[in-house]
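Letters A, B, ... mirror the listed sequences (proteins, then strands); counts begin at 1. Quick caveat, the model's predicted, so the values are computed rather than measured.
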Amino acid sequence: EVTYTCLMNGLCKMGKLKEAKGLFNAMLERGIRPDIVTFTGMISGLCKDGKIAKALELFNFMLEKSEEPNNITYNILINGLCKEGLLSDVFKILEMMVEKGKKPDVVTYNMILRGLCDIGNVNDALKLFDLMLSNKNYVDPDAWTISMLIRGLCREGRLDEAAKINSEMIEHKKVGDVVTYTALIGAYLKEGNVEKAMELWKEVLQLGLIPDSRTYSVMIDGFCKRNIINIAKGLFSKMRSLGLTPTLPDYNTLMATLCKEGSFEQATRLFKEMVDGNIQPDVISYNIIIDSSIKAGNIQYANELLNHMNRRGLTPDAFTFSMLINRLSKLGLMEEAKSTFERMTACGFSPDISVYDSLLKGFSVQGQTEEMIGLLRKMG
RNA sequence: GGAUUGGCUUGGGCA
């Protein structure tokens, strides 16, 4: 039974829902009685796959078998319903839960709070939060509660409200953690309020919270977006000196920003580091370097990279082709641009308007009217 | 012994 359950949960987590379902049925056929964990795990798998109706069906089946759901079972269902935006059903389940004498816990409320935020009802989320704080029939909020509220508020641009809640909770309830701060810092950086972000960052360190790789990623991304490359670089190396591993997007963002400000050398250095290291470059990494090497006039290096990419089993995507065509056209290398265009369509990509635009401009500069007419036909 | 909620996501021409 436990073996079955473990296997099924494993399968669910790998997205092999069909197999898990098969195993579940096999269990029933063999007369093995699924226990609450088995049922709950299966319901969770169904919810994660968006099969809410099936999950509810199984839930009812569970009731028929007089297996009593516990808080976790209810929470999983509520979460599934929240993710689908079915808040009215959520409240039905909640009611049922209470009728059966189960007390909703902090996880239950957190999910409902997030559900409310996700349907754009942040004000009701705030009301729920107040109830959690003041009403004894509810449960005290935890750091998760705060982080979800912050996310909801920040999405509506209500950053200062979010920051206020965070600092009040830290001060009076000692609730809040590196996640709540990371969410806030990210939001402020996105908004362009670097000062406030830095202030919060100092607070993180003062409170003795340990920034994790997520925190660094958020900041690297934020500073890159604001073109404050030196701080981004500093954070990147700080992160590594702490033994945290930068993610692929961290590398890519940093490389893209370096390229944008003309530090092509530094970008390629990072790229080579990736190739020699544990984080292997993906198509995006290649695109970034290929594009800026052409921009820097080094077409040969771009070609080498294209070959290198193929050897490593990465296929160019629509961006790769568009980039190449756009750049080649601009350089007046229309033969190459044209053959790239042909390869692009042969690979099944449909060129967008910018590709046609560049090609048309390129041909027009050289007075190649027949080519232009041919293109216009393909567009129409 | 096994099951539930939170924080950033990266690349292209012309402008």
Applying a 4.0 Å non-hydrogen cut-off, can you work out what [X] is touching in the nucleic acid: base, sugar-phosphate, or nothing?
X: A:Ala187; result: nothing
X: A:Thr38; result: base
X: A:Ile72; result: base
X: A:Ser354; result: base
X: A:Val106; result: nothing
X: A:Met111; result: sugar-phosphate
X: A:Asp250; result: nothing
X: A:Thr215; result: base
X: A:Asp35; result: base

Of all residues at least two apart in sequence or in a different chain, which pass the salt bridge (Lys or Arg N to Asp or Glu O under 4.0 Å) check with A:Asp142?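 Expected list: none.
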How long is the line joining [atom1] of [X] and [atom2] of [N], in whole Å?
X: A:Leu153; N: B:G7; atom1: CG; atom2: P; result: 14 Å
X: A:Tyr286; N: B:U10; atom1: OH; atom2: P; result: 21 Å
X: A:Ile146; N: B:G6; atom1: CD1; atom2: P; result: 16 Å
X: A:Asn71; N: B:U4; atom1: CG; atom2: C1'; result: 10 Å
X: A:Ile210; N: B:G7; atom1: CD1; atom2: P; result: 21 Å
X: A:Glu191; N: B:G7; atom1: CD; atom2: P; result: 19 Å
X: A:Met219; N: B:U9; atom1: CE; atom2: P; result: 15 Å
X: A:Ile185; N: B:G6; atom1: CD1; atom2: P; result: 20 Å

Could you verify whether a donor N or O on one side chain and an acceptor N or O on the other, from A:Thr215 and A:Asp212, lie under 3.5 Å apart?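 A:Thr215 vs A:Asp212: donor-acceptor pair found between side chains.
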Consider only side-chain N and O atoms of A:Thr73 and A:Thr40, and report whether a donor and an acceptor are under 3.5 Å apart.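 Side-chain D/A pair, A:Thr73 to A:Thr40: present.
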Step by step, work out the ring-ring contact (aromatic ring centres under 6.0 Å, His included) result for A:Phe39 and A:Phe24. CA-CA 9 Å; A:Phe39 273 116; A:Phe24 185 76; 5.8 Å; yes
Pairing of A:Asp89 and A:Lys92 as salt bridge, 4.0 angstrom limit: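 A salt bridge links A:Asp89 with A:Lys92.
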Compare side-chain N and O positions of [X] against OP1 and OP2 of [N] and report whether any pair is under 4.0 Å apart.
X: A:Arg151; N: B:G7; value: yes
X: A:Lys190; N: B:U9; value: yes
X: A:Arg327; N: B:G13; value: yes

Answer with yes or no whether [X] presents, from its side chain, a donor or acceptor under 3.5 Å of a partner atom in the base of [N].
X: A:Asp177; N: B:G6; result: yes
X: A:Asp352; N: B:G13; result: no
X: A:Thr182; N: B:G7; result: yes
X: A:Asp357; N: B:G13; result: yes
X: A:Arg214; N: B:G7; result: yes

Do A:Leu184 and A:Val218 share a hydrophobic cluster (ILVMFWY, side-chain heavy atoms under 4.5 Å, transitive)?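 Different clusters: A:Leu184 never reaches A:Val218 through Ile, Leu, Val, Met, Phe, Trp or Tyr contacts under 4.5 Å.
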In the single-linkage hydrophobic clustering (I, L, V, M, F, W, Y; side-chain heavy atoms under 4.5 Å), do A:Leu306 and A:Val355 co-cluster?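 In one cluster: no.
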Are A:Tyr251 and B:U10 stacked, counting the six-membered base ring, centres under 5.5 Å, planes under 30°?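 No; centroid distance or tilt outside limits.
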Restricting to non-hydrogen atoms, name the atom on A:Ser285 and the atom on A:Met274 that form the minimum distance, rounded to 0.1 Å.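 Minimum heavy-atom separation between A:Ser285 and A:Met274: OG-CE, 4.0 Å.
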Report the nucleotide, chosen from [options], that has the shortest atom-to-atom distance to any side-chain atom of [X].
X: A:Asn79; options: B:G2, B:U4, B:U10; value: B:U4
X: A:Val37; options: B:U4, B:C8, B:A3; value: B:A3
X: A:Asn326; options: B:G13, B:A3, B:U9; value: B:G13
X: A:Lys48; options: B:G7, B:G2, B:U4; value: B:U4
X: A:Trp144; options: B:U10, B:G2, B:U5; value: B:U5
X: A:Cys6; options: B:G2, B:U9, B:G13; value: B:G2

With A:Phe321 via ring-ring contact (aromatic ring centres under 6.0 Å, His included) - residues at least two apart: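 Scan of A:Phe321 (ring-ring contact (aromatic ring centres under 6.0 Å, His included), adjacent residues dropped) gives A:Phe349.
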What base-paired stems does RNA chain B take part in, with at least 3 consecutive Watson-Crick or G-U wobble pairs and both distances under 3.5 Å?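 So the stems come out as none.
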For A:Asn75 and A:Asp105, what are the C-alpha separation, side-chain angles and deciding distance, and is it a side-chain hydrogen bond (donor to acceptor under 3.5 Å, both in side chains)? CA-CA 9 Å; A:Asn75 285 346; A:Asp105 56 24; 3.3 Å; yes
